Amino acid sequence: MEYLVRFSQSHETFRRPELEALAVIEGINLDVVSYSLNSPFCTIRLPSSAAATRLIRRSILIQSIHELWGAGTTLSAVHDQVRATTTHLWPLYLSCSFKFTLDSYQGSRPAADKIRIINSFAYLGFAGPIVMRLPDEEFVLFEDWPWNSTPLGLADPTRYFFGRFLAVGARDELPRKLDLKRRRYISTTSMDAELALVTANLALAAPGKLMYDPFVGTGSFPLACAQFGALTFGSDIDGRSMRGDGKRRTLKGNFEQYELLGGLGGMFTADLTNSPVRRGVLGDGGDGMRGRVFDGIICDPPYGVREGLRVLGVRDPEKSPWVIPKGKEMYKQADFIPPRKPYSFLAMLDDILQFAAQTLVDDGRLSFWMPTANDQDQEMSVPTHPYLEIVSVCTQVFNKCMLRHVVAGDGKLTRTGSRRLITYRRLPDAKVDQEAVKAWEGGTPKHEGKTADELNPFRKAYFNGFESPGAE
Amino acid sequence: MKLLTLNFLSCAVKTCKTSPLSFPLHPKDAELAKDDVEPNPDLLTNILPRLDWSALRTTAAELGFPDLPETAPSPEELVEGGKTVQDLHELLMETQIVEGKLVCGCCGHEYAVREGIANFLLPSHLV
Ligand SMILES: C[S@@+](CC[C@H](N)C(=O)[O-])C[C@H]1O[C@@H](n2cnc3c(N)ncnc32)[C@H](O)[C@@H]1O
Ligand SMILES: [Zn+2]
């Protein structure tokens, strides 16, 4: 049967990837019949209504799902289809309580019109009581109006969908539960709850799975994954980001606040470029699991603006030769903080992909955020790795007011005001293209340079662009 | 940090990575804590193939836990439950390492654990 998905008209490019990820998580066969970025209405084919309800139960970007009884560009076309295909369903709803709702997207109608339209469905013959609050069944007629329809004085929408309401997603519940405004412990780079949850969906976080964030900060991603039942791990080069004030405002305190402590596996201080996580050997022809640990890796890596991107090491050993022997003497002291040097964001991306290829089980997913463009407004290419297949590329565009806010907060965005969430799937060794492996081994780019500016175009954009007087 | 985590972590020093002595790390002066966690057979089934069983036996023995059998239980045994499954659940999911050190058997480097968070940052001469 066909079903109507009622999306929220926001984060458009994330919606279809989320829907498809949910189908993988729930093990449901999904066929997308029609989908457009410009519309909140999407039609899909599913094995059953029970599957439909299950499919969207943890969706963040879907509002509701409906059994689709009829659709068309005119109301009479809808009636024709309802009469032609659903008469066998009508008796099921003969005596239950029910209500009819009109949901007009980008449009409105006078009350008298609404009543006339709803009454045009009288032939369904439902004889039960009409109940406005919590009826047994709700039937909805959706109208898809063109943009600006009211000022333009348009008489009719472009499309109609009629269906029986089945279920809502998690949109009203979970983003509110994990809202940063009410979270005990956050920092300027904590990931927005809605997007952290969407990321966890794309990475297929689920009960029994192990998820890891190598740039964990205050823990937004592990919290979202734990909310979906996963066991979570994380690390950060800056131990303070996890420890917080050492009392209530800590990463662990956040897990406590949401009663998710059972999903907290382990947090540790580490540099991704010198990680203690044990790794598998690429292409060892193993069983797709042994030697690899995680079902999913999700992160928001630092871009080198402000204090962000650093790795362990001495920037210029010739210029400061005393640093190394001093470290040798001091490193055993509890409060020793090892020196760090600037590093290139592009090299870090290569490191993340390699790490993911070596630690994800077959079909495990990597999802990470990165800016869309560099400081010359040139689009940055989506990084690739022969063991990782790109599943989806989603783009979040910032409106002006948000852009200003985010730049003031963590200074991480480029001038274009957008960033991407890229999701990969770990290919089983047997499916990896060996030619691509050779090309990649031969040509692994080296991103060299010494100062933070040389290494990171974003940092330059930030200081030269945003902070100059009069800049947006 | 759940003890399960120890099964995923080796010494961070690059030259140690190739040595079998760098994994598992050996707890020293470890202070442990125990939480009550609902048994989760699905989770155990999922992680069993990823565990390094002999490393896990070493960790269990070093921390004074009951001996684990020489070979890992089969998926069927996990579903059935029983003593090994209980021991595994207690060891991997319920036990936390809160304070102490994790020592590399290859280079001898000691990684400090404080408030449940292990520190794997290396001084420059080891990077
Ligand atoms: C954008 S923040 C991530 C914030 C996190 N998603 C949250 O919700 O709090 C990036 C983090 O990466 C850390 N970081 C920077 N360089 C690192 C490195 N080489 N290895 C590991 N973490 C690093 C920073 O300390 C910072 O906490
Ligand atoms: Zn070592």
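Reminder, nothing fancy here: chain letters follow the sequence lines and each chain counts from 1. Only a predicted model underlies this, so the values are computations on that prediction, with no experimental measurement involved.
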- Note on the structure: Under 4.5 Å to a heavy atom of chain A? For L6(B) that would be neither
- Query: Stepwise, does the side-chain contact (heavy atoms from CB on, under 4.5 Å) test hold for D35(B) with L261(A)?
  - Reply: CA-CA 10 Å; D35(B) 304 330; L261(A) 267 181; over 6 Å; no
- Message: Quick check: do V13(B) and N274(A) have side-chain heavy atoms less than 4.5 Å from each other?
- Response: no
- Item | Pair K209(A)-N46(B), side-chain donor/acceptor within less than 3.5 Å | no
- Query: Using a cut-off of under 4.5 Å for heavy-atom pairs, which of I324(A), V311(A), L312(A), V323(A) has the most such pairs with chain B?
  - Reply: L312(A)
- Message: Parallel, tilted or perpendicular, judged at 30° and 60°: which one describes the rings of H109(B) and Y331(A)?
- Response: parallel
- Honestly, the part of A118(B) sitting under 4.5 Å from a heavy atom of chain A is both
- Item | Leading residue by heavy atom contact count with chain B [cutoff under 4.5 Å; candidates F336(A), F233(A), F268(A)] | F268(A)
- Can you name the residues of residues 15-24 of chain B that have some heavy atom under 4.5 Å away from a heavy atom in chain A? K17(B), F23(B)
- Item | Closest contact, heavy atoms only, P338(A) versus P123(B) | CB-CA, 4.1 Å
- Message: If I measure from the heavy atoms of chain A, does L121(B) come under 4.5 Å with its side chain, its backbone, both, or neither?
- Response: both
- Query: Based on non-hydrogen pairs under 4.5 Å, which of L251(A), L231(A), T250(A), D271(A) is most in contact with chain B?
  - Reply: L231(A)
- Item | Best-contacting candidate, I117(B), V127(B), L126(B), against chain A by heavy atom pairs under 4.5 angstrom | I117(B)
- Note: vs chain A, highest number of non-hydrogen pairs under 4.5 angstrom among L44(B), T45(B), L122(B), L25(B) is L122(B)
- Query: Pick from G116(B), P41(B), S124(B): which one has the most heavy-atom pairs with chain A under 4.5 Å?
  - Reply: S124(B)
- Taking the side chain as C-beta and beyond, is there a heavy-atom pair between T5(B) and M267(A) under 4.5 Å? no
- Item | Residue among G262(A), A230(A), G265(A), G229(A) with most heavy-atom pairs under 4.5 Å to chain B | G265(A)
- Message: Under 4.5 Å from any heavy atom of chain A, what part of D36(B) do you find: side chain, backbone, both or neither?
- Response: neither
- What do you reckon, is CZ of R114(B) surrounded by more than 12 foreign heavy atoms closer than 6.0 Å? no
- Spell out the residues in residues 95-103 of chain B that have some non-hydrogen atom less than 4.5 Å away from a non-hydrogen atom of chain A, in order of number; otherwise answer 'none'. none
- Message: For a 4.5 angstrom cut-off between non-hydrogen side-chain atoms, does K252(A) reach E115(B)?
- Response: no
- Item | Audit row: R50(B), D295(A), side-chain contact (heavy atoms from CB on, under 4.5 Å) steps and yes/no | CA-CA 11 Å; R50(B) 306 174 198 183; D295(A) 295 280; 2.8 Å; yes
